[in-house]
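Only one structure is covered here, and it is reproduced in the block below.
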Amino acid sequence: MDVRGIETPLLAWSGDCLVIGLFENGVELTGDLAELDQKLAGTLTELIAEAEFKGKEGSSAVARVGSGSSIRKVAVVGLGQANALSLDTLRRAVAVAVRLAKKERCKTLGLSLPVYQDAAATAQTLTEGIELTLHQDTRFKSDNEDKGSKLEQIDLLGVGDQTEAITRARQICLGVILARELVSAPANIVTPLTMADTAEAIAREYGLELEILEKEDCEKRGMGAFLGVAQASDLPPKFIHLTYKPAGTARKKVAIIGKGLTFDSGGLNIKGAGSGIEMMKTDMGGAAATLGAAKAIGLLKPDVEVHFISAVTENMISGRAMHPGDILTASNGKTIEVNNTDAEGRLTLADALVFTEQLGVDAIVDLATLTGACVVALGDDIAGLWTADDNLANQITAAAAAAGEKIWRMPMEDKYFEGLKSVVADMKNTGPRAGGAITAALFLKQFVKETPWAHLDIAGPVWTDKENGYNNPGGTGYPVRTLVNWVLS
Ligand code: BES
Ligand code: MN
Ligand code: ZN
């Protein structure tokens, strides 16, 4: 499937299906649209009236065009209110158009949508929407022959030649798709070993540096918190550190850390029935996004040094498992009473944060499917953002907005650290139920000294059960696009 930007106006395009974006309260046809309607013998007017099309976001209608015309079908998609137009409106509108074109078995699709910001940003965004909608993961279906899309050519009308923007979008989407596929694959396929293999493939293909700390290396560094979580698994833990270095001097130096639990059973505080234990293959969503971002950055080659880090393991049970109440010592010397073995992500992140700060980067962002409490607070679509640094908060919020990945800043309420006070150690790993996503963030904060740092709890948005805009059921690849925007900013 090929995407290209062309200058061709609406009236001159020929192909299987022409899709026109219309705003709410903007469905009366004027100018070019009136001319097109005339050329199509009133088909557009009829379609809008018959379908009672009002331009609402997510709505669409399609009609056949009489023979003798240079287009076979014409469709309208709703864009919502004109003053609420954003890059993500375009991404979601194009998803509606692509799904419609697939259903109508079109080979060629012409898209006439408004330009937002500029033609390049619009072309990039539309291409992202197209690629992400068309990506369907059938790796684990026995009958996975592609009977779906017949789409061969998609033309973005009126944006001119946008080869660069389209290439950029495709590179970013390769990162998003890698993250989606890592999250969707089950824990018997994606293991600490295969995560390390994936990092190795990225390093090889895009020229990144790779350092893998084996269990013994982690022991030497005193990573007792990470190793405590890993100790019951039959699979060896892998501490992954990928580095992208630009050809010239780096404008800034940043690090991205992802929680990498390829499966979270809960440990001896085992997850019970109804806990969603069967979804805990997604508990490496942070690491998946980290590797996805590494792939995209390796392709985009910005003038920024980026470190990609993940302490990857499973949280399992066996005779070697941590006992609830065990005391671990992290690599910064702090002691932790593990009052709940299911609060394991923060233990792995503790040692990853200490390791990362020693790299001397300008800023650190971590991504973690850390708490069910964050999902209770913000639902399935929105990630929580914690940082004491307003500047970093603004950077990430802007990057997420442009990406169309929803995020909400949450309070770093230091007083709640009281909930993590331990009788025997420096801290417990688990606080009370109330404010559980906040105490998780405060726990992580104990392992960062002075580097600007932000924590993203992505437990909700890494996965979707339903079709949702340009996301298909499965891993979403959240928040690879935000990370890429942030690195480039
Ligand atoms: N991986 C889970 C968090 C999670 C829950 C992610 C639901 C996605 C969906 C995490 O390791 C966990 O088990 N957290 C516990 C913390 C509790 C023991 C303090 C939780 O949220 O229940
Ligand atoms: Mn857990
Ligand atoms: Zn977990």
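We're numbering straight along the sequence, starting at 1. First listed ligand is number 1; within each ligand, the first listed atom is number 1.
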Sole residue of Thr127, Leu109, Ile130, Thr89 in side-chain contact (heavy atoms from CB on, under 4.5 Å) with Val94: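 Of the listed options, the one satisfying the test is Ile130.
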Under 4.0 Å between a Lys/Arg side-chain N and an Asp/Glu carboxylate O for [X] and [Y]?
X: Arg221; Y: Asp217; result: no
X: Lys54; Y: Glu24; result: no
X: Glu200; Y: Arg204; result: yes
X: Lys252; Y: Glu305; result: no
X: Asp351; Y: Lys334; result: no

Counting heavy atoms only, which of Met279, Arg433, Arg346 comes nearest to atom 16 (C) of ligand 1?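 It is Arg346 that holds the nearest heavy atom.
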Run down the list Leu370, Asn315, Asn269, Val229 and name the one with the heavy atom closest to atom 3 (C) of ligand 1.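 Nearest option to atom 3 (C) of ligand 1, by heavy atoms: Leu370.
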Could you enumerate the protein N, O or S atoms under 2.8 Å from the Zn ion (ligand 3), written like residue then atom name?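 As for protein N, O or S atoms lying under 2.8 Å from the Zn ion (ligand 3), they are Lys259 NZ, Asp264 OD2, Asp283 OD2, Glu344 OE2.
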So if I count the atoms of ligand 1 from 1 in the order they appear, which ones are less than 4.0 Å from some heavy atom of [X]?
X: Ala459; answer: 6 (C), 8 (C)
X: Asn340; answer: 18 (C)
X: Thr369; answer: 1 (N), 2 (C), 3 (C), 6 (C)

Indicate yes or no for a side-chain donor-acceptor contact from Asn429 to the backbone of Glu344 under 3.5 Å, with no hydrogens or angles considered.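 Flag not set: sc Asn429 to bb Glu344 has no pair under 3.5 Å.
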Between the side chain of Asn315 and the main-chain N/O of Thr341, is any donor-acceptor distance below 3.5 Å?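 Yes, Asn315 side chain to Thr341 backbone: donor-acceptor pair under 3.5 Å.
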Under 3.5 Å: N/O of [X] near N/O of ligand 1:
X: Gly372; value: yes
X: Lys259; value: yes
X: Glu344; value: yes
X: Lys271; value: yes

Do Arg180 and Asn472 have side-chain atoms, one donor and one acceptor, less than 3.5 Å apart? no
For ligand 1, is Met280 a contact, meaning one of its heavy atoms is under 4.0 Å away? yes
Would you say Thr430 touches ligand 1, if touching means a heavy atom closer than 4.0 Å? yes
Side chains of [X] and [Y], heavy atoms from C-beta outward: is any pair under 4.5 Å?
X: Trp453; Y: Leu353; value: yes
X: His455; Y: Ile257; value: no
X: Asn340; Y: Pro324; value: no

Restricting to N, O or S, what is the name of the atom of Asp264 that lies nearest the Mn ion (ligand 2)? OD2
For ligand 1, does Met284 get within less than 4.0 Å through its side chain, its backbone, both, or neither, judged by non-hydrogen atoms?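 Answer for Met284: neither.
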Of the side chain and backbone of Asp342, name the one, both, or neither that has a heavy atom under 4.0 Å from an atom of ligand 1. both
Determine the sole option in Asp283, Asp366, Thr348 for which the side chain to side chain donor-acceptor pair (under 3.5 Å) test with Lys259 is passed. Asp283
Any protein heavy atom sitting closer than 4.0 Å to atom 1 (N) of ligand 1? yes
Could you please compute the angle at the Mn ion (ligand 2) from O of Asp342 to OE1 of Glu344, rounded to 10°?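 The OE1/O angle about the Mn ion (ligand 2) sits at 70°.
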Near-ring test His241/Phe355, centroid separation under 6.0 angstrom: yes
